[in-house]
Every structure is written in C-alpha cells, then in structure tokens.
Amino acid sequence: MPLDIPAVRLTGIAPEIALCATALLLLVIDAVLGERRNRWYLPALASIGLGLSIYFATEAWGTTRLELSGMVAVDGFASFVKITLAVFGLLTVWLGRDFLVRERAEEGEFYGLVLFAVAGMMLMAGAADLIVVFLALETFSLALYVLVGFRRRSLLSQESSMKYFLLGSFSTAFFLLGIAFVYGAVGSTNLYGGEDGPGIVSSFMATGASDVGLLILAMGLLIVGLGFKVAAVPFHMWTPDAYQGAPSPVTGFMAAGSKIAGFAALLRLLDVTLYPLREDWRPLVIGVAVLTMVVGSVLAVVQEDVKRLLAYSSIAHAGFVFTGLIAANDRGVSGSLFYLATYGITVLGAFAVVAVLSGRDDEKVTLRDYRGLFYDRPLLAGALTLFLLSLAGVPVTSGFVAKLVVFGAAIQEGYWWLAVVGMVTSAIAAFFYLKVLVVMYMQEKETEDAERVRSGPLSTGVIGLAALATIVLGLYWGPLIDVAERATLFFAGG
Amino acid sequence: MSIDVAVFGVMFVVVLGSSIAMLFARNAVHVALFLVVTQIGLAVAFLLEGAYFIAAIQIIVYAGAIMVLFLFVIMLLGVDRREALNEPLRGQRPLAVGLAALLAAEVLYVAYKGSDLITTGGGSQALQDLNADPGNVKALARVVFSRYLLPFEVTSILLVVAVVGVMVLARQMSAISPVSARSGSSVADKEEAA
C-alpha cells in the first residue's frame, strides 16, 4: 500500500509560518550582530513579520475549508482572531522595545518569544483538532512563562514566572486528560471531521451510545484547561501574581492575547463542535461565568497595586465574555469577538501607561504612586482615565458597546438574568476604576520623584493609538461589528 | 486465565505501587527511580495493546533519556535538599485530598456508566488490524507524515521555544548574584556604581 501524500495547502497557517520564520531570522541576526548600543532593527524586523502575518490572514479572508488533513480550519473566525492577535503583537513589540531600553538590556529573545507566542495563539484560533489546540496552547504558554520572568534583577518576576509555570503545567495536565477522555469516548479528536476521518460529534452519534457521561467529563476537563488560560474563576489563582510580576508590556500582552486565544478555542469547541450538547455544558459554563464576574469584581475593590487591580479586572472581563459564549448564537460569537478585540486594545493601552509610570525596574505600581498624577502628567492621566472608563463600560467608549453586544446576545437566548448579573458586577467594577480616578485627580502628591521616567516615542505612540481606537470604536462600532458578524458567518461547519 | 490478564495484573500492581511510592519517597533520587519503574510498567502496557514501537520509544526516550536528565538535574541541585513541608495555606491538604477523591469518584462513576461507550469504541481491534497489514512502525510513520503532519511540525516549533526560553532564563540566573537575592534591587545600584 503506497503512502497517500495529503494535499498540503498553506493558506491557513501562512500567518504562523511568517511569524515563526521571522522569529528564527531575528534570533540569528541577534546572535550574529551581537551587542550593539542601538538595536532598532530588531523591533523593526519583528514588526515586518507581524505585518506579513496580517497580510496573509487578510488573504485567507473569505475562504472556508479545512486544511492539512482536517487539522486547521480556514475561515473568517480564524482570520479575524489572527489579525487582532497580530495587532496586539505589534503594540507589544513597540512597548517592549521601550521597556528593554529602559532596563538597559535589549535582548533579541524578547521579540522572538513574543512572535512565537503570537504564532501559537494564532494556531489556536484556527485549530480544528484537539491535538493542534494542545500544541498551540503549549507553544504560547511556554513563551509566556519565560516572558513573565523577563525582568532582570526582580525576584518578584522570577517568582511569578515559576508560579505561572507550575500552575500552567498543572492545568495543561487537565486539558490532556480531557483529550484522552474525548478519544476514549468517541475515538476521534477532530472538531469537525471530514474525508480524513470522523469528528468528535459524528463519531459520537455513530456509536449510538445513550450515555454522554464520558464526553461530558472530558468536556469539563477541557474547560478547566482553557478556563485557566482565560483566567476564569476558580482557575484564576495565578492571575494576580503573574500579572504583578511580569514586565508591564508582557502583562498587557498576556491579558489581551491569551484571553482571545483561549476564548477562540472555547468558542470553536463549545459553540460549534459541542453545540448539539449545549444543554449539557451550559449549566457548567454558566456557573463558571457567574463566579468569574462576581469574584473578579469584588476582589478587585480591595487591591492596592494597580497591576493586581487590572488583573482582577481582567478576570471579571473573562466572565463578561462568557455571557456571549453561553448564548452560543451568531450574535454571541460576534459579540465575544468584538469584546475581546476592543478589550485587548484598551488593556494594552492601560498597561502601556502603567509601564511608563512604573519607571525603571517596573517598581512604582501602587495606588500611592498615582496620587495627584493628573497635575503632574496630565496627558498620561487623561489616557489612563479613558482606558479605565472603557474597562468600566462607560458610554462613548468601546467597552460600553462591547458589553452591550454580549449582554444583548445573552438576553436574546433568554438568559436575561445572566445579563443582570453582568450589569450588577459591572457596577461593582466601576467602583474600583473610579477609585483610581479619585486617587489621580483628587489627592495630593506626597513626594517628588527622584528620577522621572520619560515616555519613549514608541510607548507614546501605542498609548495614542489605543486611546484613539477606544474612542473611535466607542462612537463608530458599526464597521468592526460588521466584520465580526461576517467572521461568524464563515465559521466552518457551524 | 490468559497470560495477557496475568501480565496486566502484574503491570497494574507495579505501576500503581511505584507511582504511590513516588509520592511518599523522601529522597529525590528515589522519586526519580520510582518514576523509571512506572515508565517501564507503562511500556509493558503498550506492549499488551500491540503498540510495539511506542513501547520501545517509551523505554528509550522516557525511561532512558529523560530520566537521565532528571537524575542529572537532581544531582546538580544537590540530593540532600529537603522540601519545606509546612503548609502556607491552612487546610489546603485535606481540601486537596477531598477534591481529588471527588474527581476520582466522578471518573470511576462515568467510566462505569459509560462502559458501553468504551467497549463500542473498538480501538484495540483496529490496532490489531494495523499491526497485521502494514506493521506497527509503518502504520505510525504513515499517520505522522500524512494526517498528523501539522502537529508533528508544530512540535518542532514548541521545542525551539523551549530552547530559547531556557537560554533566556539561564542567562538571567547568572545575572542575579547571591547578594541581590537577599537585598532586592541592590545589584542595580552596584552596577551603576561600577
């Protein structure tokens, strides 16, 4: 029997290939050119790679098919998430450049790891087989574990990297066990199934078994693994520590990137593949969503460290996105995509401000350090105000529109009480965003800074872009929502 | 009683026993050695299923290469180090035991209820057919280089990321002198002074 060589078409993974190739090239150039004073060419090369991946992802827009023996789905959903991720990557690279210059250690590995992480997250968005989901998850997680520990001289950074790594490995074990159970239950790990083999649901139907227990158990374990990555309660324990210890640009990237990657996999798994079993997974996910919204919002109120505060806020936001996922209709999926894209840009902007303000060694991050900020640095304070209002969901910002769409989707499916929980927790959450504003505008500065850190040109650019996007998407949300809606129409097999 | 069942029984006892012993062993080297025994036991399980190639790989890669690395690292860090056994969080251990027992009970219950699912899966028969026709290794090669081509390639990227990551972390460790481990950011000041 000769070996059937499968058709190898690379439309689906071209963005990832572009990123991995750029990352490898970057590492080689870094090694060959050695230590130089000004290494502007490294972030420039990384930006070119990310730009290329945006180009390839746009090229794939409009195609809907499974590629590489049913391992990758090429569809609007994947393209949308990939383009968003590449934008997050660009912002992170620019912020990271300023951070590295400030730390006086511009290492090429930073950019390489960011590119690999983005590639892993992208693969997660297009993955059509649990094996690929797992490998993508591991790729971006490994890169993030290292990036979290990237702050030289900081034991806090090393510690949080270690914690994140240990808990992350633990959650991965749950995810793997879930895959094993899925295979044990139905004999397939493919999300769709096709000419290359049956998918999870079609195999399940074929067995004619009346009991879905094993599949439900597997599903629970998969939700644990992915819930960890999106920081859902009760799998959120790592979030405050990792966010606090990581360099601020990396924290922003983690909040934006791993959230959209994790939710992309969850949306494809639950809202497409396991859609026939929605009555079985909904109670579980609703429980997680409510817990996430409540715990995230309530615990954020007592935080004194701005990064920890934003960490709990990111937990709460995961809960809000879950409401769109639970709705499991077109509006829910497109709403979640819109939410994740706008939240990512806003949170990256917020962490950009935090990165600039925290100075060398990333140390000034308590609320005390923000006293009277408005009178000292009005523009930065203004930008941070805008981001916090958007996170709180105040009208005229993108955060308001995002919340409106996901809650609307939940109400459409009859989960109005879930939307009510969302609104109440949003109101609680607004309290701690306002707390930061009060500190910035209405309290006196205690001491003068010994050394005032200037915002680099790239950081300023990132903050400006993110602020612009937050306002523009808050006023003219139509185009992006349209694109997100078309992204769900193309959803392969859905 | 067929020989398969007897071998399975012995394997079962060995794997379970050494896994449990691993948890309770105080010496890190003993833990590693118990892990070797577990790995070899699992290789026997693969043999029983007819997956000969995987069984060989299991012994060569896991019980062999990876365990040597484990032992190497343990030796490098020093064998006589004891883990701190006090609990930072009160009541964590009983809670963990309780939750683990709950999970185990769930798995057992579901496996019991869904046993018709497992038996209708028929994976074992398919494996025997594969072993008969192109042979175990050929069959594996066929799926790795056709259907599972992408996962195979992604694994290489994963390994590159791991290597780069280790490089970064190892370099950072040397940047932290023992002094700074105790007094926070004093290294930064020293570097500036120098």
Side-chain angles (χ1 to χ4, degrees), chain A residues 1 3-6 8 13 16 20 23-24 27 68-72 105 107 109-110 112-113 116-117 119-120 123 129 131-132 135-136 138-139 142-143 145-146 149-150 152-155 158 161 181 183-187 196-197 207-217 220 360-361 363, chain B residues 103 106-107 109-123 126 133-134 138-139 141-143 145-169 171-173 175-177 180-192:
Chain A
M1 195 169 96
L3 176 62
D4 301 323
I5 306 289
V8 175
I13 56 163
E16 288 90 335
C20 291
L24 292 174
L27 291 175
L68 295 166
S69 318
M71 289 291 147
V72 181
E107 289 163 283
E109 286 87 359
F110 181 90
L113 286 170
F116 279 128
L123 191 61
D129 194 289
I131 303 284
V132 182
L135 286 170
E138 276 300 276
T139 307
L142 269 183
Y145 299 146
V146 180
F150 219 90
R152 288 170 165 274
R153 302 186 288 264
S154 165
L155 275 184
Q158 310 285 333
S161 170
F181 275 138
Y183 192 77
V186 300
D196 297 291
T207 56
S210 54
D211 196 88
V212 291
L214 199 56
L215 199 54
I216 301 292
L217 182 75
R360 262 199 84 189
D361 287 342
E363 249 143 31
Chain B
L103 181 67
E106 277 171 9
V107 171
Y109 173 74
V110 167
Y112 170 72
K113 282 274 286 178
S115 48
D116 56 329
L117 253 180
I118 297 172
T119 43
T120 47
D133 181 20
K138 274 188 184 170
R142 203 159 272 174
V143 288
F145 293 108
S146 63
R147 182 143 199 236
Y148 290 92
L149 181 67
L150 177 71
F152 181 70
E153 296 293 343
V154 174
T155 313
S156 63
I157 294 293
L158 180 62
L159 290 177
V160 170
V161 174
V163 170
V164 174
V166 166
M167 220 167 68
V168 171
L169 288 181
R171 194 166 52 203
Q172 249 168 310
M173 284 303 169
I176 300 180
S177 71
S180 74
R182 265 179 272 121
S183 57
S185 60
S186 63
V187 164
D189 307 330
K190 267 187 213 142
E191 274 176 7
E192 257 156 57

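Residue numbering restarts at 1 for every chain, and letters A, B, ... go by the order of the sequence lines. Just so it is clear, the structure is predicted and the values come from calculations on it, not from any experiment.
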Exercise for review: Check Leu150(B) against Leu68(A) and note the closest heavy-atom contact, atom names and distance.
Suggested key: CD1-CD1, 3.9 Å

Exercise for review: Tell me, out of Val107(B), Leu159(B), Thr155(B), who's got the most heavy-atom pairs with chain A below 4.5 Å.
Suggested key: Val107(B)

Check your understanding: Rounded to the nearest 0.5 Å, how far apart are OG1 of Thr139(A) and CG of Leu158(B)?
Key -> 4.5 Å

Practice item. Drop me the distance from Glu16(A)'s CD to Ile157(B)'s CD1, to the nearest 0.5 angstrom. Key: 10.5 Å

Exercise for review: Check each atom of Ile13(A) against the heavy atoms of chain B and say whether the ones under 4.5 Å are side chain, backbone, both or neither.
Suggested key: side chain

Point to revise | Under 4.5 Å from a heavy atom of chain B, the part of Glu107(A) involved | key: side chain

Check your understanding: What heavy-atom pair brings Ile131(A) and Pro151(B) nearest, and what distance separates the two atoms?
Key -> CG2-CB, 4.0 Å

Check your understanding: What is the minimum heavy-atom distance between Ser146(B) and Ser69(A), and which atoms define it?
Key -> O-OG, 3.4 Å

Check your understanding: Contact part of Leu113(A) toward chain B, heavy-atom cut-off under 4.5 Å: side chain, backbone, both or neither?
Key -> side chain

Study note, to complete from the structure: Correct closest heavy-atom pair for Glu109(A) and Met167(B) would be OE2-CE, 3.3 Å

Exercise for review: Name the region of Tyr145(A), side chain, backbone, both or neither, that has any atom closer than 4.5 Å to a heavy atom of chain B.
Suggested key: neither

